[in-house]
Peer 1: 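The structure follows.
Computed over heavy atoms, backbone and side chain alike; hydrogens, waters and symmetry mates excluded.
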Amino acid sequence: MTSNQWNWSDFGLVGDNSCISFEEIEQIESILDIKFPTSYKDLVNYANPAYIEIGCFDYDLDNEGSISDFFPLTISHDHDSVLWHSTNNEHVPKGMVPFARDAGDFLICFDYRESKLKPKIIFLDPFSQDLWIVSDDFEKFLKLLHA
């Protein structure tokens with residue numbers, strides 16, 4: 001499944017349609033020195049910020065996390081935006097870009113420490129610094145989501 005084939009309404013995805021331009025996304029990528037997955041860019045074009053109904057995922061064999069909300073992708077460093085979490089949060093290791101959180105304030109992050117083009121998806125406890133690899137990329141992460 002290519003990224004442009006995702007039907008976001010199948011995930012129960014809703015939110016503001018605060019349009020972000022391609023140029024603004026490129027500026028954010030430049031600030032963070034990374035490239036977002038195409039499917040993530042499609043998602044924020046659909047809803048930004050986004051709230052999801054079908055957002056549970058398994059990690060660490062017996063545990064389950066769930067997405068509470070996706071952080072807004074904006075060029076500003078507003079509190080709780082992707083840029084704010086990526087640049088102003090001492091609890092986030094360098095090379096990780098939080099894009100969502102679960103109800104317990106764990107962070108769901110792109111992990112760019114090994115690759116700036118194809119990040120893994122990490123579930124991070126920002127207070128203990130414990131982390132779990134959830135998937136090798138964003139598309140595989142989306143396929144893991146369930147009710």
Side-chain angles (χ1 to χ4, degrees), residues 1-18 20 24-25 28-29 31-147:
M1 181 177 290
T2 62
S3 61
N4 62 357
Q5 293 177 327
W6 294 106
N7 186 353
W8 299 115
S9 61
D10 289 348
F11 293 93
L13 195 67
V14 295
D16 293 340
N17 194 3
S18 302
I20 182 165
E24 289 171 312
I25 293 173
I28 295 166
E29 290 174 326
I31 290 167
L32 298 175
D33 191 27
I34 52 94
K35 289 290 182 194
F36 288 116
T38 302
S39 52
Y40 174 72
K41 294 176 194 180
D42 292 344
L43 184 149
V44 297
N45 274 331
Y46 183 83
N48 185 31
Y51 304 92
I52 193 166
E53 290 178 11
I54 313 289
C56 294
F57 58 91
D58 299 320
Y59 71 96
D60 194 35
L61 300 176
D62 305 356
N63 294 308
E64 184 177 80
S66 65
I67 300 171
S68 169
D69 58 299
F70 287 88
F71 299 130
L73 186 63
T74 65
I75 194 65
S76 72
H77 286 76
D78 292 342
H79 179 75
D80 255 0
S81 70
V82 169
L83 274 178
W84 182 85
H85 279 282
S86 301
T87 59
N88 297 331
N89 191 335
E90 73 253 7
H91 300 291
V92 176
K94 185 173 174 66
M96 291 198 186
V97 175
F99 62 87
R101 79 171 124 236
D102 83 337
D105 280 337
F106 282 30
L107 300 173
I108 302 134
C109 306
F110 294 116
D111 182 358
Y112 288 99
R113 294 176 300 171
E114 292 178 14
S115 170
K116 292 185 180 190
L117 300 176
K118 190 172 181 181
K120 292 180 180 176
I121 305 303
I122 301 293
F123 196 46
L124 170 69
D125 178 340
F127 304 105
S128 71
Q129 295 295 301
D130 290 338
L131 57 89
W132 300 269
I133 297 172
V134 178
S135 71
D136 289 333
D137 62 43
F138 191 66
E139 286 75 20
K140 289 178 185 172
F141 175 69
L142 292 172
K143 290 177 184 177
L144 293 174
L145 296 180
H146 60 86

Peer 1: Report the relative orientation of the aromatic rings in Phe110 and Tyr112; use parallel for angles under 30°, tilted for 30 to 60°, perpendicular for over 60°.
Peer 2: tilted
Peer 1: If you count heavy atoms of other groups shown closer than 6.0 angstrom to CD of Gln129, is the number above 12?
Peer 2: yes
Peer 1: Within a strict 4.5 Å, meaning less than it, do heavy atoms of the Trp6 and Phe11 side chains meet?
Peer 2: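 SC-SC contact between Trp6 and Phe11 confirmed.
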Peer 1: Indicate the atoms forming the closest heavy-atom contact of Met96 with Leu131, along with that distance.
Peer 2: CE-CD2, 3.5 Å
Peer 1: Would you check if Leu43 and Phe138 make a side-chain contact, meaning some heavy-atom pair closer than 4.5 Å?
Peer 2: yes
Peer 1: In chain order, what residues pass the side chain to side chain contact (heavy atoms under 4.5 Å, CB included) check against Ser9, with sequence neighbours excluded?
Peer 2: Asn7, Tyr46
Peer 1: Quick one, Asp111 and Leu124 - any side-chain contact, counting heavy atoms below 4.5 Å?
Peer 2: no
Peer 1: Restricting to non-hydrogen atoms, name the atom on Asn63 and the atom on Asp60 that form the minimum distance, rounded to 0.1 Å.
Peer 2: ND2-OD2, 3.3 Å
Peer 1: Side chains of Lys116 and Lys35, heavy atoms from C-beta outward: is any pair under 4.5 Å?
Peer 2: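 No, their side chains stay 4.5 Å or more apart.
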Peer 1: List the atom pairs, donor and acceptor, that lie under 3.5 Å between side-chain atoms in residues 97-108 and the rest of the protein, sequence neighbours left out.
Peer 2:
from: Arg101; atom 1: NE; to: Asp69; atom 2: OD1; distance (Å): 3.1
from: Arg101; atom 1: NH1; to: Asp80; atom 2: OD1; distance (Å): 3.4
from: Arg101; atom 1: NH1; to: Asp80; atom 2: OD2; distance (Å): 3.4
from: Arg101; atom 1: NH2; to: Asp69; atom 2: OD2; distance (Å): 3.4
from: Arg101; atom 1: NH2; to: Asp80; atom 2: OD2; distance (Å): 2.7
from: Asp102; atom 1: OD1; to: Gly104; atom 2: N; distance (Å): 3.0
from: Asp102; atom 1: OD1; to: Asp105; atom 2: N; distance (Å): 3.1
from: Asp102; atom 1: OD1; to: Phe106; atom 2: N; distance (Å): 2.8

Peer 1: How many angstroms lie between atom OH of Tyr51 and atom CG of Leu13, to the nearest 0.5 angstrom?
Peer 2: 11.0 Å
Peer 1: Look up atom CD1 in Ile20 and atom OG1 in Thr74, then write down how far apart they are to the nearest 0.5 Å.
Peer 2: 6.5 Å
Peer 1: Dump the intermediate steps for side chain to side chain contact (heavy atoms under 4.5 Å, CB included) on Leu145 and Ile52, then the final yes or no.
Peer 2: CA-CA 10 Å; Leu145 296 180; Ile52 193 166; 4.0 Å; yes
Peer 1: Which heavy atom of Ile75 sits nearest to which heavy atom of Glu24, and what is that distance?
Peer 2: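 Scanning both residues, the minimum pair turns out to be CD1-O, 4.0 Å.
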Peer 1: Would you say the side-chain atoms of Asp137 pair up with the backbone N or O of Lys140, donor to acceptor, closer than 3.5 Å?
Peer 2: yes
Peer 1: Roughly how far apart are Lys118 NZ and Glu139 CD, rounded to 0.5 Å?
Peer 2: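 So the gap between those two atoms works out to 8.0 Å.
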Peer 1: Using 30° and 60° as the class limits, which term best fits the ring planes of Phe57 and Phe123: parallel, tilted or perpendicular?
Peer 2: perpendicular
Peer 1: Show the numbers, then the answer: is there a side chain to side chain contact (heavy atoms under 4.5 Å, CB included) between Asp10 and Ile54?
Peer 2: CA-CA 8 Å; Asp10 289 348; Ile54 313 289; over 6 Å; no
Peer 1: Could you list the residues that satisfy side chain to side chain contact (heavy atoms under 4.5 Å, CB included) with Ser66, not counting sequence neighbours?
Peer 2: Cys56
Peer 1: Is there a side-chain contact between Leu73 and Ile25 in this structure, where contact means two heavy atoms from C-beta onward sitting under 4.5 Å apart?
Peer 2: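 SC-SC contact between Leu73 and Ile25 confirmed.
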Peer 1: Hey, could you give me the OG/CG distance between Ser135 and Asp58, rounded to the nearest 0.5 Å?
Peer 2: 12.0 Å
